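Please read the structure below before turning to the comments.
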Amino acid sequence: MTSDEERDAALLAAQTSTPQFRQALQAAVQAGLPVGVQLVAANFARSSASSYWLLRWLSPDALPVWLTLRIATHPHWLIHVQQVEVVWPKLPDLTGLADAIGQALTDAATAAARYQFTPLELAILKQLMVLAEHKLVWLVQMPPAMALSHKGRSFDLQNDFRRLPLFLGDRNNVNNRLTPVHATAFQDKLIDFFGANLLFSQFSSHYMLKLLPTIQWLKPMLAADPRAVNWQTQLAAAYGQDFCATVAQAIRPHRINR
């Protein structure tokens, strides 16, 4: 990125991070929603004009149906995300955006981007919340070239990301405690959540990418689901006692230090 591009990006980020702009953007999103779709939460990128919107469809079986809407000036840096994307280069100009959102959300392909949680996925969401309470986070180790680009190049979420080493570590200091975890099926779920913006990214040292839970999304999602889930039992049955013991061991010193 050239100095002019960096300056333009910084200016756009400043223009789209004000409370006034975000209120206007939310109004545009709300105006574009089809009948029967509820706006539940929003998540704004810190260093760009990208925003993410959690939408809920009413479902005949009473279980929540969710969809992730992304609005940005450029396509996502990850390939194969589970989102509906509206690329809007005119930001901060919102003229016509509501119509574009309405068209995107009524497109036939949108149905494939919606998701409901299985009991196992609910258990993982609850584990993510518990880990967050203890300042713990899941991380993947990026190839150096990818990490140094800081989203400057696209990366295949469904293929390349699944091959990255997985770790559990201290959210605030990855040098403090970093535990390797070998659980391919569990990592697949994390990557799916990342693709739906239930986790968001933050680059760290040693080419580590933190997968931080989008708390303002997870709380209403869990509150809206009527099913009772024993997350520890579910995860032990799915991924084994060794996996659960590793997570418990990581939590224990954090519990002592609280």
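Predicted model only: the values in this text are computed from it and were never measured.
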Any non-hydrogen side-chain atom of [X] less than 4.5 Å from a side-chain atom of [Y]?
{"X": "Pro226", "Y": "Leu63", "answer": "yes"}
{"X": "Thr110", "Y": "Asp107", "answer": "yes"}
{"X": "Val247", "Y": "Val181", "answer": "no"}
{"X": "Glu133", "Y": "Leu131", "answer": "no"}
{"X": "Leu157", "Y": "Ile191", "answer": "yes"}
{"X": "Leu125", "Y": "Val229", "answer": "no"}

message: Under 3.5 Å, is there a donor on one side chain and an acceptor on the other for Asp156 and Asn159?
response: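 Result is yes, a qualifying pair exists.
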query: Can you tell me if Gln187 uses its side chain to pair, donor with acceptor, with the backbone of Arg163 under 3.5 Å?
result: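 No: the side chain of Gln187 does not pair with the backbone of Arg163.
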message: Between Ser51 (side chain only) and Ala45 (backbone N and O only), is there a donor and an acceptor less than 3.5 Å apart?
response: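 Here the side-chain-to-backbone pair does not exist.
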Pairs where residues 66-93 contributes a residue and the test salt bridge (charged side-chain N to carboxylate O under 4.0 Å, His left out) is met, not counting sequence neighbours: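 Pairs touching residues 66-93 that pass the test: Arg70-Glu85.
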query: For the residue pair Phe194 and Phe200, is the inter-centroid distance of their aromatic rings smaller than 6.0 Å?
result: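 No.
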Spacing of [X] atom [atom1] and [Y] atom [atom2] [to the nearest 0.5 Å]:
{"X": "Phe117", "Y": "Lys189", "atom1": "CZ", "atom2": "NZ", "result": "10.0 Å"}
{"X": "Gln234", "Y": "Glu121", "atom1": "CD", "atom2": "CD", "result": "11.0 Å"}
{"X": "Gln232", "Y": "Asn230", "atom1": "CD", "atom2": "CG", "result": "6.0 Å"}
{"X": "His76", "Y": "Ser50", "atom1": "NE2", "atom2": "OG", "result": "7.5 Å"}
{"X": "Ile251", "Y": "His134", "atom1": "CD1", "atom2": "NE2", "result": "5.5 Å"}
{"X": "Thr68", "Y": "Trp66", "atom1": "OG1", "atom2": "CH2", "result": "10.0 Å"}

- request: Please name all residues satisfying ring-ring contact (aromatic ring centres under 6.0 Å, His included) with Phe167, sequence neighbours left out, ordered by chain then number.
  value: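 Checked Phe167 against ring-ring contact (aromatic ring centres under 6.0 Å, His included); zero matches.
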- prompt: Pick from Ile124, Val130, Leu122: which one makes a side-chain contact (heavy atoms from CB on, under 4.5 Å) with Trp231?
  reply: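 For Trp231, the side-chain contact (heavy atoms from CB on, under 4.5 Å) test succeeds with only one of Ile124, Val130, Leu122, which is Val130.
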Minimum heavy-atom separation for [X] to [Y], with atom names?
{"X": "Leu120", "Y": "Ala238", "answer": "CD1-CB, 3.7 Å"}
{"X": "Leu178", "Y": "Gly169", "answer": "CD1-CA, 4.2 Å"}
{"X": "Ala112", "Y": "Gln82", "answer": "O-NE2, 4.0 Å"}
{"X": "Pro34", "Y": "Thr106", "answer": "CG-CG2, 3.9 Å"}
{"X": "Phe243", "Y": "Ala183", "answer": "CD1-CB, 3.9 Å"}
{"X": "Val137", "Y": "Leu139", "answer": "O-CD1, 3.3 Å"}

- request: Could I get the full list of side chain to side chain donor-acceptor pair (under 3.5 Å) partners for Gln127, not counting sequence neighbours?
  value: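 In terms of side chain to side chain donor-acceptor pair (under 3.5 Å), with neighbours along the sequence ignored, Gln127 is linked to Trp138.
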message: Using 30° and 60° as the class boundaries, would you call the ring planes of Phe186 and Tyr239 parallel, tilted or perpendicular?
response: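 Ring orientation of Phe186 relative to Tyr239: perpendicular.
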Steps toward side-chain contact (heavy atoms from CB on, under 4.5 Å) verdict (Leu128, Leu190): CA-CA 10 Å; Leu128 291 174; Leu190 290 182; 4.2 Å; yes
query: Do the charged groups of Lys135 and Asp170 touch, with an N to O distance under 4.0 Å?
result: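 Asp170 and Lys135: not salt-bridged.
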- prompt: Quick check: are there more than 12 heavy atoms from other residues, nucleotides or ligands sitting under 6.0 Å from CD of Gln103?
  reply: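 Atom CD in Gln103 is not packed in, count stays at 12 or less.
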- prompt: Hydrophobic clusters join Ile, Leu, Val, Met, Phe, Trp and Tyr when side-chain heavy atoms are under 4.5 Å apart, directly or via other members; which others share one with Trp57?
  reply: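 Answer for Trp57: Leu12, Phe21, Leu25, Val29, Leu33, Val37, Leu39, Phe44, Trp53, Leu55, Val65, Leu67, Leu69, Ile71, Val84, Val86, Trp88, Leu91, Leu94, Leu97, Ile101, Leu105.
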field: Other cluster members, Ile79 - Ile/Leu/Val/Met/Phe/Trp/Tyr, side-chain contacts below 4.5 Å
entry: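 Members alongside Ile79: none; it stands by itself.
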List the atom pairs, donor and acceptor, that lie under 3.5 Å between side-chain atoms in residues 208-219 and the rest of the protein, sequence neighbours left out.
residue: Lys210; atom: NZ; partner: Arg171; partner atom: O; Å: 2.4
residue: Lys210; atom: NZ; partner: Gln202; partner atom: OE1; Å: 3.4
residue: Thr214; atom: OG1; partner: Asn197; partner atom: O; Å: 2.8
residue: Thr214; atom: OG1; partner: Leu198; partner atom: O; Å: 3.4

- prompt: Yes or no on salt bridge (Lys or Arg N to Asp or Glu O under 4.0 Å) for Asp192 and Arg162, after CA distance, side-chain angles and deciding distance?
  reply: CA-CA 10 Å; Asp192 289 342; Arg162 297 190 187 280; 3.1 Å; yes
